[in-house]
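Below is one structure; the comments refer to it alone.
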Amino acid sequence: MDPKIFLRFDDHDVAIRPADAAGALLELEAPSVYQPGGVVPTIVDGVTGPARFFGGAAGQHGFATRDLVSGSTLFNRDVSIQAILTFDESLASGANPGTIIARGLGTSAAEYLAYALEVRLVTASIAELRFLWQDSAGALKTQIGGHFQTSADFLLLTATRRWVSSTEVLLRYFVADELIGEVLSPDGDIGGGTTGTTSIGTRYTGAAWDRWFGGKIDQIRVLDRELAPEEIAMTWDRITRIQPNAVVLVRECYPPGMPISDDASSRVQRENMIIGNALGYAEAQGENIRRNIFPTRAYGAALEDWELVTKSPRKLADDLDTRRRRVVGRFRQELGVSVAGVNKALEELAGTATSNLVTYAFSPTTVDTWTTLNTTRWRHTPAAQWSIAANALRVQGNHGLVDLFAWYKSLQPIGGDGRGALIASKISPTAIATQGEAGVLHWDWPRGNAVVLGYRNNAGAYQLVREEIRSGVSQGATVLAALGGAIVPVWVILEHVQGTSDYKARWSTVSALGPFTEATFTTSFPVAPVDPVTGVIDVTNTKPRTGWAGFYQRSFSGVVANVDVSFDDTSVRAPWGDRAMHFYVYRDPALPGSPDFIGGNLVVSGLKHAWTRGAFVSTLVAKYDSDDTTYDGPPMGGT
Amino acid sequence: MPPIHYVSSVLGTNVDEFAVFALPTSTKPGDTLIAVIGASDVDDGDVNEADLAGGWEIVGHFENANAVMNVCRKTFEKGDSAEQAIKTEAGAFIVAALLVYRGMSVAPIVEGSDADVSGSANFVCPSRTLTSYSDIYIGFAFNVVDNDYTPPAGATERFDDDGLTVFDVLPEAVGATGTKTAVCSGVCDGLAASIAFASEGIRGSNKTITITPMGCIGLPTEGV
């Protein structure tokens, strides 16, 4: 059974203790069984059968009971209370509200109010329906309710509570199918204990039964979930339109003039009613499916099916609106993986206008003009030796470091696959002492493999050289060009030729636009790796394992040499690197609204291309983990 | 609907003649934004309705020889920017506050007016005549010397900074509310104003269940 408490009050004899059709509560007793005061309500006609009359403060009618299994009705998160009742203004006692139902006496932690629903007369013809509960310390939290116009007839009142967090609770109040109030409460600390005495028509206020309800209560049900507005509307429609119309339809099936009794209590009319109501009930279930099958209105089993189809699994804490938005988000992918497409797909889940979302889609090429020292994408070691001077990256050092791992270096990661990687830059030396060198390189850090293109001073002669370093050991440098006896700037490009072990070096002493001289040379890379499982050497592996590209400064012979060099107009391209495979949709956490990051990332992972990484994020600090590096760092390198 | 209820408030900043507000994160579509801008320069700190954009409107303009206070209103819609800005004449305002309310009607205000305060600590906000039990009384008091206030008895203070205080009262009654006096921490001059805002309509009454035929099961055990 869906409701956890279901009180029908269909008893025909006041001596009969009403039972809970859901089986969670013991039989309802007079309140005096649990605390002094209060009498059992009398039986009156309701709209679904017998009902109970509560006479307000004058009559002091009420019920009280406890859980059949202690704690089974302790709902201190989501809860929905629905009742068919009348509210008699003449029985309302001044400022005192009348309690519809309350769970807990409020006297101790075991009896703290987990929920209570009451109706208060605001003024003639206007009443307020409102929740209240106690927090874990016992403080009473009376909530803002919904105002509605009263009536002498039976009403369908519904109140739902959605617990979001310890500081946010969403309350909704309905009369019939109309929302009369939606309130966001900060009182998310909700108490209640396993003992929890449930009372109907009255609430124990710590010293005595009070808050007597005035009116008739036909049925009450309590659920431990949030009723959807669509459900409430359908129930209302069934009771007030579909079933009554079906009864009329059955009655009209009799041939005109057939002598049957018009008396509603006659057997024939009662049979008509039963048949009509049964037909109407069936029609209502079908109508419910027809109206509420779409994910924007679905709930219950229908919504679960949508979640299954779209692979949008729910977590227990996910509320109805969140679940619907996620399913809808999975459908809104008609624009594909474009900036507009991704933003459109996140429209429901981002909780803000799509114009507030910023998409970072990374290209395989980075360009640096060095107006500032970029330390997120570049890793400069030692940091103190690298600076910005005249809009260029400058390194200065006077040392004899020859070890590859000790060189002064400025590097950015180019992903786990260095195929086709390229670095282009202007090299402008201020001073390169003899035995000193600076230039560009591709580097596989864990293995100590590198290919360098350097500007060196070889005993007073400036040269452009290329060199292969394997496992930290030089394989010998080759002079590509003689640059003369004076320092001149040179524009260089060092590029891996895809599908080969070759690298191509290009250089120009004229301008960035050339003319360039080029030389292609073959390296021993990749060094055939040994398969750790079979021990077979894989000679077919043509993938260089370069992970970094950038600049260096060193002494190529170990003799201390002062090297002061600037680099500018730098481009690094890694067509097979991971960078190009990443995109992030950023939502500023300071924006108002309630984003669903879990749902948003489900949408992004569902629509992105294979082999790419996309994410819906609320921070611009992300970690990068490449197969070719041994530590996590910011996605563009750095520390 | 529920009585109008307060959600949150923020202090605005002065950016290039604009009073700029970063909306509280608890703001939801449908909420009403009430911006209050107070200035000592009646001309340069004023708000010109012709300069308002993005759905803002002036619902209260109060001034005397030495102070001007504008109360502006807008409904926050889905898709609106999280940062709202209101242009002033020359950016010479002293204080700008934004308050967020929920359940407020978009209909014209019930009524509003102000009263001058001269050489007094009592800022007497005028009485308002409410026409519905869910209407709200919002009082405003502004001085140019940065004195703060104690709200009137029975009122809830929602903002108090830089010489401006805003408080509200929900009388749940129709008719005259009576004046509400905010007591300033010092004798000074300024403006005391009040505006009554209407809530969204009260529902019910015609949605009742008359006697249904026997066999109706009423509330469901499963489904609807």
Side-chain angles (χ1 to χ4, degrees), chain A residues 1-3 6 8 21 45 47-49 82 84 122-123 125-126 144-151 153-156 173 175-178 180-184 218-219 221 231 234-235 238-240 243-244 247 264 270 273-274 276-278 281 284-285 288 352-353 355-356 588 590-593, chain B residues 1-8 10 21-31 33 76-84 100 102-103 130 132-135 170-175 199-224:
Chain A
M1 182 180 287
D2 193 12
F6 196 173
R8 289 200 174 108
D45 288 334
V47 284
T48 70
Q82 193 168 52
I84 296 176
V122 176
T123 187
S125 301
I126 297 178
I144 296 172
H147 284 179
F148 64 97
Q149 284 187 312
T150 61
S151 168
D153 291 323
F154 279 86
L155 303 168
L156 176 67
Y173 305 98
V175 166
D177 57 351
E178 287 200 35
I180 62 166
E182 181 176 282
V183 178
L184 203 60
D218 194 325
Q219 292 185 349
R221 67 174 185 154
E231 276 182 282
M234 257 332 293
T235 298
R238 172 177 61 77
I239 293 174
T240 56
Q243 283 184 298
V247 170
R270 284 189 289 160
M273 291 177 197
I274 291 170
N277 277 305
Y281 179 80
Q285 306 313 310
N288 179 42
T352 188
S355 57
N356 290 331
D588 187 340
L591 290 170
Chain B
M1 289 305 283
I4 303 167
H5 60 283
Y6 165 83
V7 176
S8 187
V10 290
F21 308 97
L23 296 187
T25 56
S26 50
T27 308
K28 292 177 65 174
D31 288 347
L33 311 179
F76 180 70
E77 308 281 359
K78 183 179 176 182
D80 281 347
S81 171
E83 190 175 82
Q84 294 292 316
V100 182
R102 191 162 295 164
L130 304 185
S132 165
Y133 292 90
S134 295
D135 289 350
L170 190 66
E172 289 190 320
V174 296
S199 78
E200 299 179 9
I202 296 174
R203 305 184 189 162
S205 102
N206 60 337
K207 293 250 182 172
T208 60
I209 307 172
T210 53
I211 299 294
T212 66
M214 183 187 303
C216 167
I217 67 168
L219 300 179
T221 55
E222 296 291 347
V224 295

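So that the names make sense, note that chain A is the first sequence line, chain B the second, and so on, each numbered from 1.
Of the two parts of A:Ala590, only the backbone, made up of N, CA, C and O, holds a non-hydrogen atom closer than 4.5 Å to a non-hydrogen atom of chain B. In this structure, the portions of A:Leu156 lying under 4.5 Å from any heavy atom of chain B include both its backbone and its side chain.
Between the CD1 atom in A:Ile84 and the CD1 atom in B:Ile209 there is a gap of 4.5 Å [rounded to 0.5 Å]. Atom OG of B:Ser132 and atom CD1 of A:Ile126 lie 6.0 Å apart (nearest 0.5 Å). Rounding to the nearest 0.5 Å gives a distance of 11.0 Å between CG of A:Asp588 and OG1 of B:Thr25. Going from atom CG of A:Leu591 over to atom CD of B:Glu83 covers 10.0 Å, rounded to the nearest 0.5 Å.
Between A:Arg238 and B:Val224, the shortest heavy-atom distance links the atoms NE-O, 2.5 Å. Of all heavy-atom pairs spanning B:Leu219 and A:Phe6, the tightest one is O-CZ, 3.1 Å. Residue A:Asp2 comes nearest to B:Glu222 through the heavy atom pair N-OE2, 3.1 Å, listed as atom of the first residue, atom of the second, then distance. Residues B:Asp80 and A:Asn356 share a closest heavy-atom pair of O-ND2, 4.1 Å.
Screening A:Leu155, A:Thr150, A:Val47, A:Val175 for a side-chain contact (heavy atoms from CB on, under 4.5 Å) involving B:Thr208 leaves a single residue, A:Leu155.
With A:Arg221 contributing its side chain and B:Pro220 its backbone, the two residues share a donor-acceptor pair below 3.5 Å.
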Open item on the list: The test is side-chain contact (heavy atoms from CB on, under 4.5 Å); show your working for A:Glu182 and B:Arg102 and say whether it passes.
Closed with: CA-CA 9 Å; A:Glu182 181 176 282; B:Arg102 191 162 295 164; 5.8 Å; no
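The candidate with the highest count of non-hydrogen atom pairs below 4.5 Å against chain B, out of A:Glu231, A:Gln82, A:Met234, A:Gln285, is A:Gln285.
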